[in-house]
Amino acid sequence: MQNNLGLVRSKADEAKIESRTGVELIEGLLPEFDLTSPWTQQWLLEVVRAVKSSEDLKVKQNELTWIEMLHNHATKTTGNSWPIESSLFTSYVEILESQDPDFASVVRGEIGTRLLEGGKPLYESVTFTAFESPSRTTFSKWTAFADSMNLRSPNTFPI
């Protein structure tokens, strides 16, 4: 089973967290969400690490997410420079996409942009493969996780 948490900026310039099935988990994120921001990159990596360390969510540990792959690439090629500077973020993603077919496959559909807005990310998501089958209990666990991360995030950046 795959579970997905993502930050989405809507046409009303609001954002929300939703599952891949379209069920909204959290609404009302800040419209100034910027995936290229070093702080956002670091927070997203922390969220992924929290998902993987949660025994309740039962995700496959050996499957890397796109943000983990990008982190590994950046630290390897720059000598532990993470997070990536905002102005270089898109270039890093594009270079890794062209060099690593696994990354290209994982990141496809996970970062959405609109070229008319200069390629600025409109949304991002991270997909996890879990050992549990979809159920109301599983959904409740993921919802509780999203709520707990919202409590841990600074007021300026609810997830």
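Closest non-hydrogen pair, Ala74 versus Ser81, comes out as CB-O, 3.8 Å. Heavy-atom minimum distance, Leu64 versus Met69: CB-CG, 3.7 Å.
Checked by atom type and distance alone, the side chain of Gln41 pairs as donor or acceptor with a backbone atom of Ile84 at under 3.5 Å. Checking side-chain atoms of Ser98 against main-chain N and O of Ile95 turns up a donor-acceptor pair under 3.5 Å. Thr40 places a side-chain N or O within 3.5 Å of a backbone atom of Asp34 that can act as its donor or acceptor partner.
Listed by first then second residue, pairs satisfying ring pair (Phe, Tyr, Trp, His ring centres under 6.0 Å) with a partner in residues 47-72 read His71-Trp82, not counting sequence neighbours. Screening residues 76-100 for salt bridge (Lys or Arg N to Asp or Glu O under 4.0 Å), with sequence neighbours left out, gives no hits.
Applying the side-chain hydrogen bond (donor to acceptor under 3.5 Å, both in side chains) criterion to Glu68, with sequence neighbours excluded, gives Lys52, Thr65. Under the rule for a side chain to side chain contact (heavy atoms under 4.5 Å, CB included), the partners of Ala50 that lie at least two apart in sequence or sit in another chain are Phe145, Met149, Arg152. Residues forming a side chain to side chain contact (heavy atoms under 4.5 Å, CB included) with Thr77 (at least two apart in sequence, or on another chain): His73, Tyr92. Every residue meeting the salt bridge (charged side-chain N to carboxylate O under 4.0 Å, His left out) condition with Lys58, not counting sequence neighbours, appears here in chain and number order: Glu132. The side chain to side chain contact (heavy atoms under 4.5 Å, CB included) check on Ser54 picks up Asp56, Leu57, with sequence neighbours excluded.
Side-chain atoms of Ser140 and Thr143 include no donor-acceptor pair closer than 3.5 Å.
Atom-to-atom distance recorded for Ile67:CD1 and Leu44:CG is 4.5 Å, nearest 0.5 angstrom. Considering NZ of Lys141 and CZ of Arg136, their distance stands at 14.5 Å, rounded to 0.5 Å. Taken to the nearest 0.5 Å, the CD atom of Glu63 stands 11.0 Å off from the CG atom of Asp102.
Here the side chains of Leu70 and Phe89 are in contact, with some heavy-atom distance below 4.5 Å.
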Side chain to side chain contact (heavy atoms under 4.5 Å, CB included) assessment of Phe131 paired with Lys60: CA-CA 7 Å; Phe131 290 104; Lys60 291 186 177 181; 3.4 Å; yes
